[in-house]
Structure formats: structure tokens, C-alpha cells
Amino acid sequence: MARAAMTVADLKLRRTVRAVVGNRTKLLLTIAVGVFALGPITALGMSVLPRLGEQAVAASLPAETATTMTEYVSGGFAVLWVFLVMMTVMRTVTAVAAIDEPAFLLLSTAVRNTVVGLVTAEVALYASILLPLTALFAGAFAFGAGTPLPVVSALLAVALVVGSAVPVGFAVGVWIRHLVTVYEPIARYRTLLFAAFWLAYFGAIATGGLNDVMGTLFRSLQASPLGWPGHVLLLGIPGFDPSMQATAGAAVGSVFLVGVALAAAVPSAHRHWTADPARIDDETVDEEPTSDRLEGLLSGTVSRPVRTVAITAIRRTKRAPIRLAYAGYPLLGALGFFQQIIELGTVPSFLAVLFCLYAIWAAGVLFTLNPLGDLGPALPAVVTSTLTGRQAIRGRMLAGALVGVPLAVVVSLAVGVASPLSFERTAALVAGTVVGTVTTPALAAGIGSAFPRFGSVNVTNNREAVMPSKTAFVVYTLAIALPAGSAVVLYLEAPELIAGLIASVSAWTPLPSVSISARAITIGAWTVLTGGLLAPVVSYRYAVERFDWYDFE
């Protein structure tokens, strides 16, 4: 049994590591997030922890201070346990419990071996991240204290937390996945449920509610069994007298919790993997009436080929909204701004402009940033049909405008009214946003035609979609950001300020001084702005020619 379980764990680990290492973009993003998130904390810990170790050895702590530190450590480990359970639940729902070729795996070995193998692989993944970091910080403290015991106790405490949290998260996650994929009354609305969950999650982050929840858990769970691993950590730190009952309870309780979680996970996984997925046959019931109404609305204004392309693009996106997941990525960076808006009770003027720029950017991203790749296997048939490039590109531009213009009106009005902008400037903001959402689909069409992507990529752990290429994303974003920045520079009359800033920064560096006149900056800004205004026309004409003369070789 152990050998079969370890084989499953080894295969799972290999596939997970290969999926990360084999994708250069994902690997670079992971490294960048790790450096920016952990770099400052690591540097601070390496400078502070050795001195704390020296102080811990040099002087005995007062009873009140030792009690306070014990509560903090216990609360921290309790929150870490809850966090790991939640992360494991989400990974189980989206990836871990979605095994490939379940019939082959379940015929090859027992369900118990599969469950133990998957849980072991997840424990190894978490341990590969947490244990090295723990050893690094504990080693810095131990260097100052002059004893290796803090390293041993810290590694043991983290191992107890990881080893007990992952099985519990897996058992809970299997049942949640079973409900959203097999139990038909819930599976029917799983897309709405997932959307509501992520909306609530990011809303809690933006409003600071997540910090309040974590603070409440930190205080409430300090004295609970979830905080007992903290006493294991304190065993190796001089000056502390941890509870031996809590230390023994952490070890025994972790073993007991692992046994109970696995005992519950095995039959739960067996029931889930042997069940048929829910059949939802009415997901597209109201799709045709909507398309018919839209076709009737457009029948008197645009030609039939253009109308057909636009409706088909909207219909395909409605059937598979995961294709537009990338359009929401910039909103992740705006979570801090939402918290600022809530605290201030108003939308700052610069944020109002940024949100309108996002609406303009999104209008071009939705349907026209990959006009050739989005056709998929139908590309040869469409390109060789009687459909012209002008009709194909205009149809996609029409689809972008049909979705983008209402979005532009709603967003610009909302942020304009909620901001300190005057009525005249709000009206100008609305008009500019609407015009931008009409022109950016033309800009995106040419850029997407120049840098197409035909293959699908992983949007989530188990969902694939054809997305625009990274080059198209970057070029399109710069094509909007640079003219917008130039317009801001000219509107604020900032060339002299920028020239002085460049000269000051250049004087601080050891490199030869650089001096750019305000006149040169003004000319450059006007050049970039003019090029940005002409780019949609040039891009549209290029997209049409690219479609008409597309060569499959």
C-alpha cells in the first residue's frame, strides 16, 4: 500500500513541478512574486532575528512578556493552520481532486492509495516552500542564540501544522467539489457561486474585512488546540517555559486529526470519483432568444455578414466566459485603490481617470485582440469563404462596441459622480470614455493580427482557453498607455517639471549627466499623442489586409 501511495505522490509531484517549470511565464511570475513578497521580509528577518536570539540568551524575560509572546506565537500558528486548510480546499476543488483518467487510476490501485498519495504530494508541495523559509529564519535566530534548538523546534512545529492541515483541507475540498460538479441543484449555478465567492473574497481584501477576520481568528484561537504547535516552537527558544501538556497535545492531536481526516477523505473521494457529473441541459436555453433580439436590433443598421460575425463572437463568449478571464487581471492591482476609496468616501480624480482607461482598454481586449486565433479550427474555412476582411474585422469591432459602450457609460458616470470632478469634466470624461471604447477595438484588431496566438493556454488549473499572445497584450497596453500619458503631460503643462526631474536624477547617478529640454519633451509628447490618435485607423487597415491575404504557410 505504501509503495502504491508513494508512486501516486511521485507522479503528482512530477506533473505539478513540470507544469510550473515548463511554462516560462508562470515560472518567471512565480519567481517575481516570491522576490517581491518575501525579499523585504527575508532581509528584515536576517537583520533582526540574530539580535533577538542574543537578547533571548542574555536576559530572562518577565512573566508577562513571556505570556504575551506565547499568545502571539500560538495565535500565529492557529491562523497559519486555518490558512493552509483554506488553500488546500481551494486547490482540491480546482485541481487536486480533478484527477486525469480516473477509471484507469481507480482500476490500477485502491482509492485509499490514491487519496494518501495525493495528500502526500500536497504536503510535500507546502513543505518545500514553508520548511526552507522556516529553517532560514529559525537559523538566523539560532545563530544569535548560539544553539541549534530553535531550528529543530521550528521545523517540527511547522511540520505538525502542514501535516494536519492538508488532510483536513482535502477532505473538505472533495465534498465541496462533489457538490458543485455532481449535485445537480448546486452544479446548475456553480458559475454564479464561484463568481460570488471570488467577488466576496476580493471585496473582503479591498475593504479590509479580511484583516478583521484574521485578527478575530488570531485572538480567538490563541488558547485553542490549533495554537498548541506554537508551544512546540517555544521549546527551543531560551527564556520560555511552554506548556508540556500543549506540546504533547500538539503531537498527539496532529496524528489523531490526520487519521480522522484520511478516514473521512477515502470514502468521500470514492463516492466523488465514481459518480457521474451533473447533466445541465438547459444552460443555453435563453441563449437563442437573446441572440435573436440582438440580431433584430442590428438588422436595419449593419450588413448580414458583419451582424453574423458580431453575434457569433458574443455568443461564443457567453457560452465560455472563461475566455475573458484575462480581461479582469488588471482589477487585481486595483484592490488597494478600492480600500482607499472606501476609507475616503470618494473616488480621487486620478482614480476616476484610471478606471475609465481600464474600460477603454477592456473594450479592445474583449473580442478583437486575437481575431485570427479566436477562430480556432474554423480559421481555414472562414478565411477561404466569401467573408471579406472588412466584414470580419468590423463584426468583431461591433461586438466590442456593443459590450464596451454600455460599460463605458456606466463606469464613467459612476466614477465621475463619486469623484470631486465638476459636471463639465464629468461630461467630458464620459464622452472621452465612450469614444475610446469605440476606437480601441480597431487598435486591438491590428495588433492582435500582427501577433496572433492559435493554441490554448491554461487559464486555471483545469480550464483551457485561446487567449491573446503576451506580445499582443504588451503592445496593445503600451499603445493606450503612452498616448494617455502624453495627454496628461500636455494637459498638466508638466514638460518643465519633467525636464528638471530628469536633470536632478541624472546628477545623483555616477553616469554622465543627461539634460532634456522642456521643448523636446513637449514635441515628444505631441508626437506620441498624434501617433496614438492615428494608430486605430492604421491598425484597422492592417487587420483587414492581414485577414484578406492570410497565408497558412
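Contact annotation: the side chain of Met214 never approaches that of Val82 to less than 4.5 Å [non-hydrogen atoms, C-beta and beyond]. Using a 4.5 Å heavy-atom cutoff, the side chains of Phe194 and Val180 are in contact. The shortest side-chain heavy-atom distance between His272 and Thr181 falls under the 4.5 Å cut-off. Annotation: side chain of Pro536 is not in contact with side chain of Thr440 (no heavy-atom distance under 4.5 Å). Contact of the Leu533 side chain with the Pro483 side chain is not registered, since no non-hydrogen atoms from C-beta on lie closer than 4.5 Å. Residues Leu429 and Val415 are in side-chain contact: their nearest non-hydrogen atoms beyond the backbone lie under 4.5 Å apart. Two residues are said to be in side-chain contact when any heavy atoms from C-beta on lie closer than 4.5 Å; Tyr126 and Ser128 fail this criterion. Under the 4.5 Å side-chain criterion, counting only non-hydrogen atoms from C-beta, Val166 is not in contact with Leu84.
Phe473 has its ring centre no less than 6.0 Å from the ring centre of Phe451.
The minimum heavy-atom distance linking Ala445 with Pro371 is given by the pair O-CG, 3.8 Å. When all heavy atoms are compared, the tightest approach of Ala78 to Leu221 is CB-CB, 3.6 Å. When all heavy atoms are compared, the tightest approach of Ser517 to Ala499 is C-CB, 4.2 Å.
Salt-bridge check for Asp374 with Arg316: failed, with every basic side-chain N at 4.0 Å or more from each acidic carboxylate O. In summary, Arg188 and Glu184 engage in a salt bridge, as defined by a charged side-chain N under 4.0 Å from a carboxylate O.
Judged by distance alone, with hydrogens and angles left aside, the side-chain atoms of Arg453 form a donor-acceptor pair with the main-chain N or O of Pro468 at under 3.5 Å. Not one N or O on the side chain of Thr368 forms a donor-acceptor pair closer than 3.5 Å with the backbone of Ala444. Between the side chain of Arg546 and the main chain of Ser449, a donor-acceptor pair closer than 3.5 Å is present. Gln391 places a side-chain N or O within donor-acceptor distance of the main-chain N or O of Thr388, the cut-off being under 3.5 Å. In terms of modelled atom types and a separation under 3.5 Å, the side chain of Ser220 and the main chain of Leu217 share no donor-acceptor contact. Looking at Thr437, its side chain does come within 3.5 Å of a backbone N or O of Thr433 through a donor-acceptor pair. Panel note: side chain Asp548, backbone Gly389; a donor-acceptor pair is recorded below 3.5 Å. Judged by distance alone, the side chain of Thr88 and the main-chain N or O of Gly169 form no donor-acceptor pair under 3.5 Å. Not one N or O on the side chain of Thr92 forms a donor-acceptor pair closer than 3.5 Å with the backbone of Gly173.
With values rounded to the nearest 0.5 angstrom, Leu413 atom CG is found 9.0 Å from Cys356 atom SG.
A tilted orientation is assigned to the rings of Trp361 and Tyr476, their planes being inclined by 30° to 60°.
A 6.0 Å sphere centred on OH of Tyr72 holds no more than 12 heavy atoms belonging to other residues, nucleotides or ligands. Annotation: Phe83, atom CZ; neighbour count of heavy atoms from other residues, nucleotides and ligands within 6.0 Å does not exceed 12.
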